[in-house]
Amino acid sequence: MTGQTRAEKLRNRLVMALEPLSLELFDDSEKHAGHKGNVQGGGHFTVRIVSAAFEGKNLIQRHRLVYDAVGDMMEREIHALSIEAKAPGEE
Amino acid sequence: MDVLERIREQVENHPVIIYMKGTPQFPQCGFSARAAQALQGCGVEFAYVNVLADPEIFENLPRFANWPTFPQIYINGELIGGCDITVEMFQKGELQKVVQEAVEKAKKEES
């Protein structure tokens with residue numbers, strides 16, 4: 001570990017891949033304390049992203065872009081990711 | 001039968017199917033609960049698979065559709081998304097439309 005928190009790592013990956021105009025990241029992990037996924041160490045996050053990368057794309061295509069950006073963090077570090085993905089002008 | 005083949009059969013044989021943690025009556029995860037509730041709000045019957053009761057599907061479904069999380073909702077054999085997308089579509093009235101169309105289509109094909 002480099003000292004980078006899980007949330008920082010997630011934010012960096014989203015910024016690198018999607019160049020968002022705005023990005024809000026919420027760590028909801030505490031709300032799910034005791035939840036099975038949480039016991040295993042996976043965090044719960046909510047992201048709100050506005051990015052030109054979402055223009056002309058439907059919801060599933062947008063969510064796939066987000067999951068692609070997050071990559072292998074979905075395997076262990078993140079148990080659940082709630083996504084709000086908008087193109088500029090939609091917010 | 002190979003597990004991916006088994007999943008393919010399930011999604012193709014049911015116009016609407018949700019892979020979830022728990023069941024619509026007894027969901028074991030908030031995201032699964034919300035997605036199942038949206039489907040129930042569409043007023044048609046839908047199939048469900050409790051992935052917690054089927055470890056093989058739990059392990060392999062994410063690579064079946066290249067989608068890392070649960071729940072997963074399939075309409076006409078195609079993944080429409082997880083909890084956020086399903087709920088958002090329901091709020092816009094789109095989910096009701098596609099679900100009802102899928103069920104009608106399946107009925108016609110049966111008769």
Side-chain angles (χ1 to χ4, degrees), chain A residues 6 9-10 13-14 17-18 23-51 54 57-87 90-91, chain B residues 11 16-22 26-38 50-55 58-99 102:
Chain A
R6 197 164 50 187
K9 186 173 166 189
L10 174 58
R13 287 194 177 189
L14 291 169
L18 299 168
L23 169 62
E24 291 176 273
L25 177 65
F26 305 94
D27 187 342
D28 307 321
S29 303
E30 294 214 339
K31 278 196 254 170
H32 301 270
H35 182 293
K36 192 164 168 249
N38 231 34
V39 173
Q40 290 161 350
H44 286 66
F45 293 92
T46 296
V47 290
R48 288 192 196 136
I49 308 172
V50 180
S51 167
F54 299 138
K57 300 216 161 51
N58 67 21
L59 287 172
I60 193 158
Q61 291 166 332
R62 292 176 184 199
H63 283 228
R64 280 199 192 280
L65 284 176
V66 174
Y67 284 135
D68 285 347
V70 178
D72 64 0
M73 285 186 81
M74 291 306 299
E75 285 167 23
R76 286 183 188 281
E77 290 160 275
I78 299 174
H79 172 68
L81 186 61
S82 198
I83 301 168
E84 198 183 296
K86 298 205 183 295
E90 291 177 353
E91 54 292 28
Chain B
V11 302
V16 183
I17 183 167
I18 175 171
Y19 292 87
M20 64 183 291
K21 293 183 174 173
F26 297 103
Q28 309 248 339
C29 160
F31 300 99
S32 287
R34 287 204 291 282
Q37 209 174 16
N50 177 0
V51 296
L52 298 178
D54 194 327
F58 182 82
E59 286 294 320
N60 289 285
L61 188 63
R63 74 184 169 101
F64 173 78
N66 186 27
W67 189 265
T69 55
F70 301 100
Q72 295 188 15
I73 294 86
Y74 291 77
I75 297 179
N76 287 327
E78 205 175 303
L79 178 68
I80 64 148
C83 170
D84 292 330
I85 291 179
T86 306
V87 170
E88 192 171 333
M89 285 177 73
F90 181 73
Q91 284 165 349
K92 289 182 183 163
E94 290 169 11
L95 187 70
Q96 294 85 324
K97 198 165 156 274
V98 291
V99 161

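Lettering of chains follows the sequences in order, A, B, ..., and the numbering in each one begins at 1.
- When the candidates I80(B), D84(B), T69(B) are compared by the number of heavy-atom contacts under 4.5 Å with chain A, D84(B) comes out ahead.
- We find the CD1-NE2 distance between I85(B) and H63(A) to be 4.0 Å, quoted to the nearest 0.5 Å.
- At a threshold of 4.5 Å between non-hydrogen side-chain atoms, the residues L79(B) and R64(A) count as touching.
- Heavy-atom contacts from other residues, nucleotides or ligands closer than 6.0 Å to CD of Q96(B) number more than 12.
- Relative ring orientation between W67(B) and Y67(A) is described as perpendicular, the plane-to-plane angle rising above 60° on a 0-90° scale split at 30° and 60°.
- By the neighbour-count criterion of 12 heavy atoms within 6.0 Å, atom CD of E78(B) is sparsely surrounded, having that number or fewer from other residues, nucleotides or ligands.
- Atom CG in L59(A) sits 4.5 Å away from atom CD in E88(B) (nearest 0.5 Å).
- Atom CG in N66(B) sits 6.5 Å away from atom CG in D68(A) (nearest 0.5 Å).
- Atom NZ of K57(A) has more than 12 neighbouring heavy atoms from other residues, nucleotides or ligands inside a 6.0 Å radius.
- Note that CD1 of I83(A) and SG of C83(B) are 11.0 Å apart. Values are rounded to the nearest 0.5 Å.
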